[in-house]
Participant: 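Structure below; questions to follow.
Since we're looking at a predicted model, the values are computed, not measured.
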Number of protein chains: 2
Amino acid sequence: MSEFELKSWTSESVTADLERAIHEHRLPPGTKLGEDELGEAYGISRTLVRAALLALSHRHLVTLRRNRGAFVAQPSVREAREVFEARALLEPRTAKSAAERMTDADLALLHTNIADEHVALDAGDNGRALFLSGRFHVEIARIADQSTVEAFISELISRSSLIIALYWRRRAALCETQAHHALMDAFADRDGPLAEQLMKSHLLDLVASLDLQNTAQPPASLREALNR
Amino acid sequence: MSEFELKSWTSESVTADLERAIHEHRLPPGTKLGEDELGEAYGISRTLVRAALLALSHRHLVTLRRNRGAFVAQPSVREAREVFEARALLEPRTAKSAAERMTDADLALLHTNIADEHVALDAGDNGRALFLSGRFHVEIARIADQSTVEAFISELISRSSLIIALYWRRRAALCETQAHHALMDAFADRDGPLAEQLMKSHLLDLVASLDLQNTAQPPASLREALNR
DNA sequence: CGCAGCATTATTGTATACAATTTTGTGCCG
DNA sequence: CGGCACAAAATTGTATACAATAATGCTGCG
């Protein structure tokens, strides 16, 4: 390892890097994000670290507790439900629009995305697979040519990753790739209504695969102390 | 006026204060928001001003241009359309949920909100009337008990205020109060489907009242230079 | 008189210093 | 030995200093 810094980080790129780390579960919910610690890690001052943490808190990926610091967010059961209800409002219609606007280049890109996900899965890199799985949804919004909705979905996807980390029921491999394949078929046929229906079902399946029965979440602060 | 500061502003309260000023058109689109200027106005350092501007930029109410400063956002025609498409995805269903959960206290609150709007309108305070008109929509999301969707709608409402400032066709009084009254009737009857339909129509009417034909927006930077 | 190039000024970008608060550690007393 | 009070350390909150960049104005030449 070189003594010199290889990259000059900006506030935005640090935000993106942290978001990806959270999305990939390299930074699990509850992890303390110390300002000095991060500043040293990226070779920047606390000023820029704080800007990044502020940005992440606005996306509900990080919780800022006054005079206590920043922590990777731990969505409550309530919040988990709300996130998926919001996704249910936004994504099916967006999938419909995407199907109707889909170009061959878009199709190829989505295919590549799914292929990469399988590669990551086979390599045992579940974090990367989860990230790519989320990217699939964001790409659909991009293809629908709705950048405003895309931004909302992008946030909801990242928050969903935290929810999965906390409430995912099975430890087995992600079985949702089937749903994505089915969506691909609808996209290939430019079948908007089918894509809408498939996305709706997909989201319902996702919620069903979560354990959202608990009214309280005991693992929250305890886990944090034990795992670190 | 006292020489002493009456309130100690925090980053959050400054953000809220600026957002309201933007929402009420006291700070029109394109207005330069100088850091020193704001810092002096609120009696805080640039550190906190920057945190507030960063927060507002994340809500797309302020545009940050590197090394040039912060400006009240000037949504493009494209963005304007997208904002209302996003609202069309979120608000009708939310209105339906709200109607089904509506308590008498909620109804009373909405009534008060509308009454206040009329008072502001009669007093010629169009900015306040516009703000209250937006609050009506946000309150509905709150009543629907969906804080995640509420946050999205809140942002979209504020952005809509900028859109209205730029693209509002008639200069006459806001004629949308009728739509809100109709919604109130549906709410009073706890008629979810009707509320959903009325909200959908209301949003369509709103878009129709805008002039979104222009492909380019010449008044953007020119206006800024002339008006200031 | 007009414009190019440079110096000056103003504003933002980043780092650092200091203050405030919380957390942690220690010792005394019951 | 346990618990409370106080002190020390660590961390965040805010302000300020300095650096970098862009905007402005001036001067001299054509």
Side-chain angles (χ1 to χ4, degrees), chain A residues 3-18 27 30-58 60-74 220-228, chain B residues 3-18 27 30-58 60-74 220-228:
Chain A
E3 288 286 322
F4 302 94
E5 302 298 336
L6 295 165
K7 175 176 180 177
S8 74
W9 293 90
T10 69
S11 170
E12 288 78 20
S13 64
V14 167
T15 305
D17 197 64
L18 284 173
L27 293 173
T31 305
K32 171 74 183 287
L33 300 172
E35 298 182 357
D36 277 322
E37 201 178 343
L38 289 174
E40 198 151 327
Y42 287 106
I44 56 178
S45 76
R46 282 175 52 216
T47 304
L48 297 184
V49 171
R50 283 175 76 86
L53 292 175
L54 203 56
L56 291 171
S57 78
H58 292 140
H60 298 92
L61 299 179
V62 158
T63 303
L64 298 180
R65 296 197 294 185
R66 188 168 182 86
N67 286 318
R68 299 211 183 146
F71 302 81
V72 177
Q74 302 181 135
S221 55
L222 198 69
R223 247 181 76 127
E224 174 192 341
L226 293 175
N227 281 3
R228 287 271 127 193
Chain B
E3 288 287 322
F4 302 94
E5 301 299 336
L6 295 164
K7 174 174 179 178
S8 75
W9 293 90
T10 69
S11 170
E12 288 77 20
S13 63
V14 168
T15 304
D17 197 65
L18 283 173
L27 292 173
T31 305
K32 171 73 184 286
L33 300 172
E35 297 182 356
D36 277 321
E37 201 177 342
L38 289 174
E40 198 152 324
Y42 288 107
I44 56 179
S45 75
R46 283 175 52 215
T47 304
L48 297 186
V49 170
R50 282 176 75 87
L53 291 175
L54 203 56
L56 291 171
S57 77
H58 292 141
H60 298 92
L61 298 179
V62 159
T63 302
L64 298 179
R65 295 197 294 184
R66 187 166 182 86
N67 285 318
R68 302 220 180 138
F71 302 81
V72 177
Q74 302 181 136
S221 56
L222 197 70
R223 247 182 76 126
E224 173 193 340
L226 293 175
N227 283 2
R228 289 268 130 194

Participant: Whole angstrom is fine here: how far is it from CG in A/N67 over to C1' in C/dT22?
Facilitator: 7 Å
Participant: Using the closest heavy atom to pick a nucleotide of DNA chain D for each, name whichever of A/G69 or A/T47 lands nearer the 5' end.
Facilitator: A/G69
Participant: Just report the end-to-end axis angle for the helix from C/dC1-D/dG30 to C/dG30-D/dC1, five pairs per end, to 10 degrees.
Facilitator: 0°
Participant: For B/D17, enumerate each residue passing the side-chain hydrogen bond (donor to acceptor under 3.5 Å, both in side chains) test, keeping only those at least two apart in sequence or located in another chain.
Facilitator: B/Y42
Participant: Taking atom P of C/dA10 as reference, at what distance in whole Å does atom NZ of B/K32 sit?
Facilitator: 13 Å
Participant: With B/L33 as reference, evaluate B/T63, B/V49, B/L38 under the side chain to side chain contact (heavy atoms under 4.5 Å, CB included) test and give the passing residue.
Facilitator: B/L38
Participant: Give, for atom CZ of A/R50 and atom CG of B/L54, the distance between the pair rounded to the nearest 0.5 Å.
Facilitator: 11.5 Å
Participant: Which is it for B/L56 and B/T15 under the side-chain contact (heavy atoms from CB on, under 4.5 Å) test, yes or no, and what are the steps along the way?
Facilitator: CA-CA 7 Å; B/L56 291 171; B/T15 304; 3.8 Å; yes
Participant: Return the 5'-most residue of the pair A/R46, B/R66 with respect to DNA chain C, ranking by each residue's nearest nucleotide.
Facilitator: B/R66
Participant: B/L53 CG to C/dT12 P: how many Å, rounded?
Facilitator: 9 Å
Participant: Among B/E37, B/E35, B/E40, find the one that has a salt bridge (charged side-chain N to carboxylate O under 4.0 Å, His left out) with B/R46.
Facilitator: B/E35
Participant: Which nucleotide of DNA chain D is the first, and which the last, in the 5' to 3' direction, to come under 4.0 Å of a heavy atom belonging to chain B?
Facilitator: D/dT14 to D/dA23
Participant: Please give me the minimum heavy-atom distance between A/T31 and A/L27, naming the atom from each residue.
Facilitator: OG1-C, 3.9 Å
Participant: Ignoring hydrogens, what is the shortest heavy-atom contact between A/S13 and A/K7? Give both atom names and the distance.
Facilitator: CB-NZ, 4.2 Å
Participant: Return whichever of A/L48 or B/G34 has its heavy-atom-nearest nucleotide of DNA chain C closer to the 5' end.
Facilitator: B/G34
Participant: To the nearest angstrom, how far is B/D36 atom CG from C/dT12 atom P?
Facilitator: 7 Å
Participant: Once rounded to the nearest 0.5 Å, what's the spacing between atom CG of B/L18 and atom CG of B/L61?
Facilitator: 10.0 Å
